[in-house]
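Whatever order the structure lists ligands and atoms in, that order sets their numbers, starting from 1.
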Amino acid sequence: MTSGPTPKPWIAGIHAYVPGKSAGADGRPLVKLSANENPLGCSPAALAARSEAVHPSLYPDGDSTALREALGAFHGIDPARIIMGAGSGELLYLAASAYAGPGDEVLFSQYSFSLYDIVARRSGAEPVEAPARDYGTDVDAMLAAVTPRTRVVIVANPNNPTGTYLPRAEIARLHAGLPGDVLLVLDQAYAEYVDPAADDGSLDLAASQPNVLVTRTFSKAYGLAGERVGWGTGALAVVEVLNRLRGAFNVSNEAQAMALKALGDQDFVRHSREHNSAVRARFVAAMEALGNHGIRTVPSEANFVMVLCEGLLTGEAAYSGLAEAGYITRWLPGQGLGHGLRITIGTAEQMDAIAALLRDLAEAAR
Ligand SMILES: *Cc1c(COP(=O)(O)O)cnc(C)c1O
């Protein structure tokens with residue numbers, strides 16, 4: 001007997017993605033503020049489209065034609081330059097595996113999305129982390145980390161898990177400093193939460209440059225995380241390459257129908273953005289009041305806030321104290337963030353409760 005099939009050597013280095021928790025060890029339901037889901041749910045029009053979606057026995061439109069046309073019309077993009085994914089995560093995998101492999105490097109920032117390490121390794125390439133500055137992407141450090149082996153650079157803007165945001169000029173400077181044969185992937189999963197006046201220009205770069213791929217998703221502000229719909233846009237040549245690699249029917253009937261309605265309901269997206277900024281500002285102010293306990297937040301443009309515990313209350317104690325009270329947040333010691341908690345912005349009531357709990361925990365830790 002042999003010992004069975006052997007996976008490619010680079011697979012051994014992958015640690016499976018750890019999703020945000022939703023239930024306690026005892027099975028008790030918890031308030032889940034660990035996965036950046038929309039506390040307002042999704043558009044009622046999208047919800048109604050679920051029951052109207054075509055029969056499950058039929059394959060979906062493999063090209064998601066109506067959805068790509070609607071996205072193209074809304075964002076001013078030729079639909080031929082739009083690719084749909086089963087979540088934008090699928091597109092990140094495709095981009096890395098199409099342009100990087102064994103012997104190559106995939107570059108991203110310290111304290112960025114944990115999936116990037118997995119997508120780099122899955123393609124056989126080496127993940128390379130550039131040091132962050134103030135918990136955010138440091139363009140100079142990123143450019144300094146580029147080598148002749150760098151094939152793909154991935155930047156989340158806003159960044160997950162820290163919420164930091166690079167302005168348009170910094171994204172442009174990063175692109176301008178990269179060799180033309182390096183693919184720059186701009187992961188804009190949280191773009192809809194950013195004030196439109198602060199747009200980072202990613203879509204303009206994707207439209208005008210041969211080496212930029214922008215990824216976006218219906219999982220966050222559109223509130224369709226469970227339906228798995230993401231999209232990407234870049235030069236036609238890049239989109240054509242990724243289209244050859246994606247699953248033939250990667251977005252289900254129901255997901256296409258719901259995303260189409262969700263896109264049409266921009267009032268819901270605006271409401272989600274406004275709700276998020278108001279509740280986030282209130283929560284950040286409550287954390288500022290805990291400054292004397294060594295608690296502070298990283299400035300965030302996303303639907304979550306990284307709370308740093310640098311006083312007597314440790315990140316671990318804050319995490320377990322909130323969990324005991326029924327609030328699950330994201331504690332990321334494996335990413336060098338053991339002193340921080342990433343907390344999704346929930347409802348105003350939930351965030352007020354969390355702020356009060358953190359105050360009590362900090363006072364008790366004296
Ligand atoms: C949530 C998230 C995604 C989106 O994942 P989907 O596969 O579209 O659900 C992508 N990038 C970042 C940084 C995220 O936080």
message: Check for me whether Gly89 has a heavy atom closer than 4.0 Å to any atom of ligand 1.
response: yes

message: Tell me the protein heavy atom at minimum distance from atom 13 (C) of ligand 1, and give that distance in Å.
response: Asp187 OD2, 3.3 Å

task: Considering the heavy atoms of Ala189, write down every atom of ligand 1 situated less than 4.0 Å from one of them.
output: 2 (C), 3 (C), 10 (C), 11 (N), 12 (C), 14 (C)

- request: Before accepting this row, confirm whether a basic side-chain N of the pair Glu192/Lys220 lies closer than 4.0 Å to the acidic partner's carboxylate O.
  value: no

query: Does a salt bridge link Asp195 with Arg273, judged by any charged N lying under 4.0 Å from a carboxylate O?
result: no

task: For Arg228, take its heavy atoms, then give the atoms of ligand 1 lying under 4.0 Å from any of them.
output: 6 (P), 7 (O), 9 (O)

field: Glu90-ligand 1 polar pair, N/O distance under 3.5 Å
entry: no

- request: Under 4.0 Å from a heavy atom of Asn160: give me the atoms of ligand 1 that qualify, with their elements.
  value: 13 (C), 14 (C), 15 (O)

message: Is the distance from the ring center of Tyr190 to that of Tyr165 below 6.0 Å?
response: no

Closest protein heavy atom (residue, atom, distance) for atom 9 (O) of ligand 1: Ser219 OG, 2.6 Å

query: Would Asp63 and Thr65 count as a side chain to side chain donor-acceptor pair (under 3.5 Å) if you check the C-alpha gap in whole Å, the side-chain angles of each, and the deciding distance to 0.1 Å?
result: CA-CA 5 Å; Asp63 293 325; Thr65 312; 4.9 Å; no

query: What residue and atom, counting heavy atoms only, is the protein's closest point to atom 4 (C) of ligand 1, and at what distance?
result: Ser88 OG, 3.2 Å

field: Arg246 side chain vs Leu91 backbone, donor-acceptor pair below 3.5 Å
entry: no

message: Which residue and atom name correspond to the protein heavy atom nearest atom 3 (C) of ligand 1, and how close is it?
response: Lys220 NZ, 3.4 Å

message: Against the six-membered ring of Tyr93, is Arg122 placed for a cation-pi contact (under 6.0 Å from the centre, within 45° of the normal)?
response: yes

message: Give the atom numbers and elements of ligand 1 that come within less than 4.0 Å of a heavy atom of Gly87.
response: 6 (P), 7 (O), 8 (O)

Side chain to side chain donor-acceptor pair (under 3.5 Å) assessment of Asp200 paired with Gln188: CA-CA 10 Å; Asp200 69 4; Gln188 289 200 305; 2.8 Å; yes

- line: side chain to side chain contact (heavy atoms under 4.5 Å, CB included) with Val279: of Asn303, Asp352, Val284, Ile345, only one passes, and it is Ile345

- prompt: Looking only at distance, does Asn36 have an N or O less than 3.5 Å from an N or O of ligand 1?
  reply: no

query: Would Tyr190 count as a contact of ligand 1 if the rule is a heavy atom under 4.0 Å away?
result: yes

